[in-house]
Amino acid sequence: MNIHEYQAKRLLHSYGAPVAPGVAVYSVEQAEEWARKLPGPLYVVKSQIHAGGRGKGKFKELGDDAKGGVRLAHSVEEVVDNAREMLGNTLETKQTGPAGKQVNRLYIEDGADIDRELYLSILIDRATGRPAFVVSTEGGMDIEAVAEETPDKITTLPIDPVKGMTEADAKKLNRALKLTKQAAKDGLDLFPTLYKAFTEKDMSLLEVNPLIVMKDGRLRVLDAKVSFDGNALFRHPDIVELRDISEEDEKEIEASKHDLAYVALDGNIGCMVNGAGLAMATMDIIKLYGAEPANFLDVGGGASKEKVTAAFKIITADRNVKGILVNIFGGIMRCDVIAEGVVAAVKEVGLKVPLVVRLEGTNVDQGKAILNDSGLDIIAADDLDDAAKKIVAAVSEGKE
Ligand code: ADP
Ligand code: MG
């Protein structure tokens, strides 16, 4: 689960991390009211969407010359003008995909006098199985380019979860970030603070980009992106409260109600598969034959007919879907249950696109019989390769 920048900053501030004064607003009037309460003379108007790269993003409605999703303002009037331009419009960044995201909240923040922009994140390092800090002196809006072109400028420091973060660890980070004097003192406080927040709140990612050294030599968290481990949310009701479902994909919200492992993607072939590995392989083979999957979906092992029906409905509700591939290798999952679910769903919502079904395994004959007797227009496939070829061909025929 992701939260907005302003929520992340509030949370980190509650642990003692230095952040600027600021307030989240939903209207131009609020933007004006609150900007007047900030010290000035520099203000920053920041789009609150669940995606990074806002500074370099583009508002789709405003044309190429318009400024991005993070804007400096030198007076309350400029805050108001920017808020009016940004609210309600759609911001496209490297992380939103081509559809972009509508900006419904802004964060109005006190402007900082920046000396240096650094990068800092904490995540779970799969190689060591530990939380790790990733830091770089080259923070700011081009960290992806730094990672690609000069990876030696990035330092990774795994933390022993039993010992916790030590002063020696914090000093290593100070060295890697070339922090001295007051900034280094601030670092000795800040790094363990961030580590504490990360572990106590079961975060899967805590990214501060940029962490800044200000002209007065102090550190400040200038941007904050936090994701939480969904499996641990049950012990953090305070975090669940921060959820903004307007930022989430409607299909994914529906899928989560049915306990389905579903991820919406940009392609046009809907997939219903059992088992995460088989689902990944199915997506790969669709790509191999030149098409793109519309989703990842693992219906799981013991799915009921109702769950399969719900899954099929979510796939067909996606307007990008121009064909559906059902690929089931029945082990624990029974082919007849899948077939019943598919038939029930089609009866309810209809079937307007080609459907290829590959069934194998437990109760495969019953499954095939159910599909045959249903009178549905189904293209049967023998194996995964055959199934992928058939659905890609059917979808590209549909286009002509
Ligand atoms: P994003 O990463 O989504 O582009 P950031 O919050 O990192 O958004 O902002 C982009 C850039 O805007 C920062 O790298 C920084 O240079 C500038 N910036 C952001 N907040 C402030 C602030 N409070 N004061 C001064 N500059 C800021
Ligand atoms: Mg940033």
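Whatever order the structure lists ligands and atoms in, that order sets their numbers, starting from 1. Nothing fancy with the numbering, it's 1 onward along the sequence.
A donor and an acceptor atom, one from each side chain of S204 and D229, are nowhere located under 3.5 Å apart. For the residue pair Y119 and E207, a side-chain donor N or O sits within less than 3.5 Å of a side-chain acceptor on the partner. N82 and E78 are not linked by any side-chain donor-acceptor pair at a separation below 3.5 angstrom, with hydrogens and angles left out of the test.
Using cut-offs of 30° and 60° on the angle between ring planes, the pair F133 and F191 is perpendicular.
The contact set between ligand 1 and G55, taken as ligand atoms under 4.0 Å from a residue heavy atom, comprises 1 (P), 3 (O), 4 (O). Distances below 4.0 Å separate heavy atoms of D110 from the following atoms of ligand 1: 23 (N). The D223 neighbourhood of ligand 1 comprises atoms 1 (P), 2 (O), 5 (P), 6 (O), 7 (O), 8 (O), with distances under 4.0 Å to a heavy atom of that residue. Set against the non-hydrogen atoms of R54, the atoms of ligand 1 under 4.0 Å away are 1 (P), 3 (O), 4 (O), 5 (P), 6 (O), 8 (O). Near G111, with a cut-off below 4.0 Å to any heavy atom, the atoms of ligand 1 are 24 (N).
With a 4.0 Å heavy-atom cut-off, ligand 1 is reached by the side chain of E109 but not by its N, CA, C or O. Using a 4.0 Å cut-off between heavy atoms, N209 contacts ligand 1 through its backbone alone, with no side-chain atom that close.
The Mg ion (ligand 2) has no N, O or S atom of E207 under 2.8 Å away, backbone or side chain.
The pair D202-R235 counts as a salt bridge, with a side-chain nitrogen and a carboxylate oxygen less than 4.0 angstrom apart.
A salt bridge (charged side-chain N to carboxylate O under 4.0 Å, His left out) with D186 is found for exactly one of K181, R220, R218, namely R218.
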